[in-house]
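Comments concern the structure below.
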Amino acid sequence: MTPRPPHVPGAKAPAPLTGLRVIELATLFAGPIAATMLGDFGADVIKVEHPRKPDPSRGHGPSKNGVGLWWKMLGRNKRTITLDLSTPGGRRTLLRLAAGADVVVENFRPGTLEKWGLGWPELSEVNPRLVLARVTGFGQFGPYASRPGFGTLAEAMSGFAAITGEPDAPPTLPPFGLADSIAGLVTAYAVTTALAARERTGEGQVVDMAIIEPILTVLGPQPLWYDQLGHVQPRTGNRSQNNAPRNTYRTSDGSWVAVSTSAQSVAERVMRLVGRPELAEEPWFATGAGRAAHADVLDEAVGGWIARHTRAEVLEAFEKAEAAVAPVQDVRDVMADPQYRALGTFTTLHDPELGRLRMQNVLFRLSATPGGIRWAGRPHGADTEAVLTELGLTPEELAALRMEGAL
């Protein structure tokens, strides 16, 4: 039976978060990512930006015809309005929006919303069922709480940079928003957890998300190793302290492949494949740590064999041997990869500003209530009048807000 293609438009049931309203007051990048994840599965996300200072992500990275491409992904499935929260009219309007919302996502420095009279006491008073997700670099309290915080600082503070890179090279930061992205995904999970709790208690609550924390969980048991053994993980490049061979290797046609042998049986298959079965008979080969201690020998055996074959030959041989291998792909390869195509990892949509766009699809597949991308990021303030009219504001009230500079 041929499986149904993922993310089919017009699925029989609405997306699971349909009916949920999210007010996004966040920029750069964790908070907006969280709101994007909620919007992908049906939430009505209203993106609030300053009238004269749009979200800086609109200008990050390459653009086409003056339109930022990153924003097209980050702003998808969101309606965009402008509102200056520091003005009396902006404050009143935000409270009216919050009264009918389920979630507010913000990432101002601690105390900023309170300064505007929009802290948790005021928001929960107008809507006791509200979930307020507060996403900051360092959390809402502690000695660093008031500092400016970005994902790069989390990648440095968490220990990620310290273990990334070659042993004799400087610590390495990722060339993309790793900590922000992890925190954004975790914030979406935290919000849905708080909403599940609301179903039992009838009351909302505050989510305090510090960007420096989720990346620690992704890094694994390093704190436990240090606590129990005093062990500090060093930089090992592509190698692992837990198994070998584990590295990237260059093929005869100048491509690269990655090999992993986390399972003992896979490591043995690789040795047979590369013509060095005697290495699998060595006593040290019986454990991952033992193999890691002899990584030089194993890398020479595997790397030497791979260097004599083309990438296509390597991939075919490894697949036949049921050994774990993958090509090192850039974005051109990724978007043509047959497995990603089969999964529907990328989707195509029409954008009024840029025409045909391809971007990553929603994050996971649900068989009965799939998510979907309804539109790409909208222009700054494109939905202000529509959203505030839905809220019940009259043309006269809108005009007054514009005169005040609140819109």
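Throughout, residue positions are numbered sequentially from 1 according to the sequence presented.
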Query - I23 and I46: CA distance, side-chain angles, deciding distance, side-chain contact (heavy atoms from CB on, under 4.5 Å) verdict - result: CA-CA 5 Å; I23 310 300; I46 298 173; 4.0 Å; yes

Report task. Take Q264 and R291 through the side-chain contact (heavy atoms from CB on, under 4.5 Å) test and state the conclusion after the steps. Result -> CA-CA 10 Å; Q264 181 70 23; R291 288 186 275 114; 3.3 Å; yes

Query - Test side-chain contact (heavy atoms from CB on, under 4.5 Å) applied to E155 and T164, step by step - result: CA-CA 10 Å; E155 289 144 13; T164 304; over 6 Å; no

Requested in this report: Could you walk me through whether Q222 and I163 pass the side-chain contact (heavy atoms from CB on, under 4.5 Å) test, one step at a time?
Outcome: CA-CA 10 Å; Q222 289 186 57; I163 64 169; 3.4 Å; yes

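A donor-acceptor contact shorter than 3.5 Å links the side chain of N127 to the backbone of A101. Counting only distance, with no hydrogens or angles, the side chain of R52 and the backbone of G405 share a donor-acceptor pair below 3.5 Å. No side-chain donor-acceptor contact under 3.5 Å links R109 to the backbone of R147. Remark: the backbone N or O of H380 is not paired with any side-chain donor or acceptor of D55 at under 3.5 angstrom. D337 contributes a side-chain N or O that, together with a main-chain N or O of Q339, makes up a donor-acceptor pair within less than 3.5 Å. Between the side chain of E282 and the main chain of W284, no donor-acceptor pair closer than 3.5 Å is present. At least one donor-acceptor pair closer than 3.5 Å links the side chain of R374 to the backbone N or O of G39. Checking side-chain atoms of W71 against main-chain N and O of R76 turns up no donor-acceptor pair under 3.5 Å. In this structure a side-chain-to-backbone donor-acceptor pair under 3.5 Å is missing from S57 to L28. With hydrogens and angles disregarded, a donor-acceptor distance shorter than 3.5 Å links the side chain of E122 to the backbone of G119.
Pairing each heavy atom of G139 with each of A210, the nearest pair is N-CB, 3.4 Å. P245 approaches D299 most closely through the heavy-atom pair CB-OD1, 4.2 Å. When all heavy atoms of V104 and L25 are compared, the closest pair comes out as CG1-CD1, 3.8 Å. Residues L130 and V103 come closest through the heavy atom pair CD1-N, 3.8 Å. Listed here is the closest heavy atom pair of N242 and S240: N-OG, 2.9 Å. Between A98 and V126, the closest heavy-atom pair is CB-CG2, 4.4 Å.
Other residues, nucleotides and ligands contribute more than 12 heavy atoms inside 6.0 Å of the CD atom of E114. Counting heavy-atom neighbours within 6.0 Å of R332 CZ, excluding the residue itself, gives a total of 12 or less.
For the atom pair CH2 (W375) and CG (L357), the distance works out to 15.0 Å, reported to the nearest 0.5 Å. Here the CG-CG distance, from N107 to L113, works out to 9.5 Å after rounding to the nearest 0.5 Å. Atom CZ in R269 sits 5.5 Å away from atom CD in E322 (nearest 0.5 Å). Separation of atoms CZ (F150) and CD1 (I211) is listed at 9.0 Å; rounding is to 0.5 Å. Note: E203 CD to R198 CZ = 11.5 Å, rounded to the nearest 0.5 Å. A distance of 8.0 Å separates OG1 of T201 from CZ of R129, quoted to the nearest 0.5 Å.
The shortest side-chain heavy-atom distance between M157 and Y144 falls under the 4.5 Å cut-off. Side-chain contact between I373 and M359: present, with at least one pair of heavy atoms (C-beta onward) separated by less than 4.5 Å. Considering only heavy atoms from C-beta on, V259 comes within 4.5 Å of I306 through its side chain. Inter-residue side-chain proximity for W116 and L94 is flagged as unmet; no heavy-atom pair is nearer than 4.5 Å. Contact annotation: the side chain of K72 approaches that of E353 to within less than 4.5 Å [non-hydrogen atoms, C-beta and beyond]. Within the 4.5 Å cutoff, side-chain heavy atoms of T80 are placed close to those of R58. Side chains of F160 and V218 form no contact here, defined as non-hydrogen atoms less than 4.5 Å apart. Counting heavy atoms from C-beta outward, T261 and V302 have side chains that stay 4.5 Å or more apart.
Classification of the F346-Y340 ring pair by plane angle, with boundaries at 30° and 60°, yields perpendicular. Note on ring orientation: taking the six-membered ring where Trp is involved, the planes of W70 and H60 are perpendicular (angle over 60°, cut-offs 30° and 60°).
Salt-bridge check for R239 with D296: passed, with a basic side-chain N closer than 4.0 Å to an acidic carboxylate O. Taking 4.0 Å as the cut-off between side-chain N and carboxylate O, E390 and R79 count as a salt-bridged pair. Comment: R92 does not engage E397 in a salt bridge, judged by the lack of any side-chain N to carboxylate O separation of less than 4.0 angstrom. Salt bridge annotation for E300-R276: absent, with no cationic side-chain nitrogen under 4.0 angstrom from a carboxylate oxygen. For E404 and R91, the salt-bridge test fails: no basic side-chain N is under 4.0 Å from an acidic carboxylate O. Contact check on R311 versus D253 returns no salt bridge, with no Lys/Arg side-chain nitrogen under 4.0 Å from an Asp/Glu carboxylate oxygen.
Aromatic ring centroids of F176 and F29 lie 6.0 Å or more apart.
When the options T345, T347, L349 are evaluated for a side chain to side chain contact (heavy atoms under 4.5 Å, CB included) with N361, the one that passes is T347.
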